[in-house]
There are 2 protein chains.
Amino acid sequence: MSTPGTAQLAPRARVVELLERRGVTATQQRVEVGQVLFACPQHLSADQILERVLAMGARVSKATVYNTLNLFSERGLVRTLSIDGDRQFYDPTTAPHHHFYNVDTGELIDIPADALALASLPAPPAGTAHERIDVIIRVRSS
Amino acid sequence: MSTPGTAQLAPRARVVELLERRGVTATQQRVEVGQVLFACPQHLSADQILERVLAMGARVSKATVYNTLNLFSERGLVRTLSIDGDRQFYDPTTAPHHHFYNVDTGELIDIPADALALASLPAPPAGTAHERIDVIIRVRSS
DNA sequence: CACAAGGATGAGAATTGTTCTCATTCCATC
DNA sequence: GATGGAATGAGAACAATTCTCATCCTTGTG
């Protein structure tokens, strides 16, 4: 069984390497946020991340969590998901992939890119270039 | 040229029919919101809808606009889109289709369902059933 | 046509997720 | 160690949305 109150974390060294590879200064708080975020493939809200960082005994503010997540997002370390209007989720998996979203439970599940073939992509509107494609398959508990 | 201050509106009769077909009581305010919303294929925020309803000389409150849009959404009269975390957009086109989203301008453009082939849909997770599929192609001004 | 009953509306307060402010703290570099 | 610019944090500010609840309509019924 797992130690109570101790969640699985990504090793500091791995997080530091990830950040530095993207030119992000690896400060105390950023690394701690990263340890939570990059622990495993998952979908966490800012609040959940704050909670877990505090639970690991670290000291971080809400402002820093948001600053950090926005920075990570800009630098491609995390993918920001807007599924409903309520809040955003942060997805440590940045390689192309898609999502199931259970509208009843709020659960998000990854769909590997190769499990969903997108044939015949339409050309982007004049003067624009593709940036990323999000497919969300909404499902409901039956 | 168009009459200044007079936006294009869906005819009352058509809106009333749409609402009644879905079992929605066609009250004054709901019809007015519908006249704005169903005027043409478009993507409006709640604020924009409120603005336009007021601009047509009607009297509606913010609360009623939200109540109405949520009701329309439940009854399948409108599709609610969450593209970024900022606000929701309401799309009168309820038939399957997808969207381009320009991250620089915020512009949303419809993609007809048949312009984008989804091959090999993954099976929904156990105990769930497909509800709807949203494809958002993010583009950036180049 | 009056009228009750339940639904709809609206003004503004409340909530919630996120951003902002700016004084303090940290940290890489000299 | 000093130092300057970046990072942090407490809490205020903000914006979209929801809630509250008193008032107003509608609609069906006698």
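Just the heavy atoms: all of them, side chains too, but no hydrogens, waters or symmetry mates, feed the values below. Proteins get letters first, then strands, A, B, ... in listed order; numbering begins at 1 in each.
- Nearest to the side-chain atoms of B:T27 among the listed nucleotides C:dG12, D:dT27, C:dT9 stands C:dT9.
- For the residue pair A:V65 and A:A46, the shortest heavy atom distance occurs at CG1-O, 3.9 Å.
- One atom, CG of B:N67, and another, C1' of D:dC24, lie 15 Å apart when rounded to the nearest Å.
- Under the 3.5 Å distance criterion, with hydrogens and angles disregarded, no donor-acceptor pair is assigned to the side chains of A:D134 and A:H99.
- Rounded to a whole Å, the CG atom of A:L71 is 17 Å from the P atom of C:dT18.
- Which of D:dG11, D:dA16, C:dG10 sits closest to the side chain of B:D47 comes down to D:dA16.
- Across the protein-nucleic acid pair, B:F72 atom CZ and C:dA8 atom P stand 12 Å apart, rounded to whole Å.
- Nearest to the side chain of A:T25, among C:dT9, D:dA7, C:dG12, sits D:dA7.
- Across D:dT17, C:dA8, C:dA11, the shortest atom-to-atom separation from the side chain of B:A46 is found for D:dT17.
- Contact annotation: the side chain of B:D110 approaches that of B:H43 to within less than 4.5 Å [non-hydrogen atoms, C-beta and beyond].
- Put simply, A:R30 has a side-chain N or O that comes within less than 4.0 Å of OP1 or OP2 on D:dA7.
- Counting only heavy atoms from C-beta on, B:Q29 has its side chain closest to C:dG10 among C:dA8, C:dG10, D:dG9.
- Counting to the nearest Å, the C1' atom of C:dG17 and the CD1 atom of A:I83 are 15 Å from each other.
- Side-chain contact between A:N102 and B:P125 is absent, with no heavy-atom pair separated by less than 4.5 Å.
- Between A:R59 and B:F89, the residue whose closest nucleotide on DNA chain D is further toward the 5' end is A:R59.
- Listed nucleotides C:dG10, C:dT18, D:dT17 differ in distance to A:Y66; the shortest reach to its side chain belongs to C:dT18.
- In this structure, A:D86 places its CG atom 9 Å from C1' of C:dT16, rounding to the nearest Å.
- Atom CZ in A:R87 sits about 15 Å away from atom P in C:dT19, given to the nearest Å.
- Summarising the geometry, the separation between NZ on A:K62 and C1' on C:dT16 is reported as 9 Å, rounded to the nearest angstrom.
- Residue B:T64 places at least one side-chain N or O under 4.0 Å from the OP1 or OP2 atom of C:dG10.
- Inter-residue side-chain proximity for B:Q88 and B:S82 is flagged as met; some heavy-atom pair is nearer than 4.5 Å.
- Counting non-hydrogen atoms under 4.0 angstrom, B:Q28 reaches nothing in the nucleic acid.
- Between the CG atom of B:L69 and the C1' atom of C:dT9 there is a distance of 15 Å, rounded to whole Å.
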